[in-house]
Novice: 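Next up is a structure, given as structure tokens.
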Amino acid sequence: MKIILTEDVKKIGKKGEVVNVKQGYFRNYILPNNLGVEANKENLAKLDEHLKKLKKEEDENIKAAMENKEKIEKTEVIIKVKAGENGKLFGSITNMDIKKALDEKNIEVDKKKIDKADIDSLGDYEVTIKLYQQVSAKLKVKVEAE
């Protein structure tokens, strides 16, 4: 029997997939637990419409991420901190510091998406920011003494 999964089911398939299961399994497990529906014309049409909507949203998210990537890669962030004699910082530059510097330039980035920057001395650095699944940007960070 062909069904459309509405949730991920271990060893059967993922949400949105059309899979074959035995009728008893569908009737006794899948249907009572709201894990899937029968794959009839109406439900397949709804699934197709839903997948098109998801694809459109995915394309919009990728486009927005690419635009943000271009903006980030054209930007250089200068962070001024207290430093010792040899250019060693008192502490280190954190993701939050980089996020604040980007916020000042009106670029929105989640601090969790910034790869951990091990910046503990003065100089120029390149920090990777993950914007979307396969889209990441390189940000130039310049650390200067106050």
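When reading the values below, keep in mind they use all heavy atoms of this one structure, side chains included, and skip hydrogens, waters and symmetry mates.
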Novice: Are side-chain heavy atoms of Gln133 and Glu58 found at a separation under 4.5 Å?
Specialist: yes

Novice: Can you confirm whether Leu47 sits close enough to Leu51 that some side-chain heavy atom of one is under 4.5 Å from a side-chain heavy atom of the other?
Specialist: yes

Novice: Could you measure the distance from the NZ atom of Lys138 to the CD atom of Glu73? Nearest 0.5 Å is fine.
Specialist: 8.5 Å

Novice: Under 4.5 Å between any side-chain heavy atoms of Ile4 and Leu44, yes or no?
Specialist: yes

Novice: Would you mind listing every salt bridge (charged side-chain N to carboxylate O under 4.0 Å, His left out) that reaches into residues 61-70, with sequence neighbours excluded?
Specialist: none

Novice: Could you tell me whether Glu85 atom CD has more than 12 heavy atoms of other residues or ligands within 6.0 Å of it?
Specialist: no

Novice: Rounded to the nearest 0.5 Å, what separation is found between the CD atom of Glu108 and the NZ atom of Lys71?
Specialist: 9.0 Å

Novice: Go through the structure and list residues passing salt bridge (charged side-chain N to carboxylate O under 4.0 Å, His left out) with Glu104, not counting sequence neighbours.
Specialist: none

Novice: What closest approach, in Å, do Lys111 and Asn95 show between heavy atoms, and which atom pair accounts for it?
Specialist: O-ND2, 3.5 Å

Novice: Short question: side chain of Asp124, backbone of Lys142 - any donor-acceptor pair under 3.5 Å?
Specialist: no

Novice: Please check if the number of heavy atoms outside Glu49 that lie under 6.0 Å from its CD is greater than 12.
Specialist: no

Novice: Within this structure, what is the OG-CG distance for the pair Ser121 and Asn86, rounded to the nearest 0.5 Å?
Specialist: 10.0 Å

Novice: Looking at Asp110 and Lys113, would you say the former's side chain and the latter's main chain have a donor-acceptor pair under 3.5 Å?
Specialist: no

Novice: Please assess Asp120 against Lys88 for the test side-chain contact (heavy atoms from CB on, under 4.5 Å), listing each intermediate value before the final yes or no.
Specialist: CA-CA 6 Å; Asp120 58 359; Lys88 199 81 168 148; 3.5 Å; yes

Novice: Check for a donor-acceptor pair, side chain of Asn43 on one end and backbone N or O of Asn40 on the other, with a separation under 3.5 Å.
Specialist: no

Novice: Only counting residues at least two apart or in another chain, list the ones meeting salt bridge (charged side-chain N to carboxylate O under 4.0 Å, His left out) with Lys46.
Specialist: Glu42

Novice: Can you name the side-chain hydrogen bond (donor to acceptor under 3.5 Å, both in side chains) partners of Asp103, sequence neighbours left out?
Specialist: Lys99

Novice: Hey, what do you get for OG1 (Thr6) to NE2 (His50), rounding to the nearest 0.5 Å?
Specialist: 10.5 Å

Novice: With ILVMFWY side chains joined below 4.5 Å, transitively, what does Leu122's cluster contain besides itself?
Specialist: Ile62, Met66, Ile72, Val77, Ile79, Val81, Leu89, Ile93, Ile98, Leu102, Ile107, Val109, Ile114, Ile119, Tyr125, Val127, Ile129, Leu131, Tyr132, Val135, Leu139, Val141, Val143

Novice: Return the CG to NZ distance between Leu5 and Lys15, rounded to the nearest 0.5 Å.
Specialist: 11.0 Å

Novice: I'd like a table of donor-acceptor pairs (distance under 3.5 Å, sequence neighbours excluded) in which one partner is a side-chain atom from residues 16-35, with atom names and distances.
Specialist:
unit_1, atom_1, unit_2, atom_2, d
Glu17, OE1, Lys14, N, 3.2
Asn28, ND2, Gly24, O, 3.1
Asn33, ND2, Tyr29, O, 2.9

Novice: Rounded to the nearest 0.5 Å, how far apart are CD of Glu38 and CD1 of Ile3?
Specialist: 10.0 Å

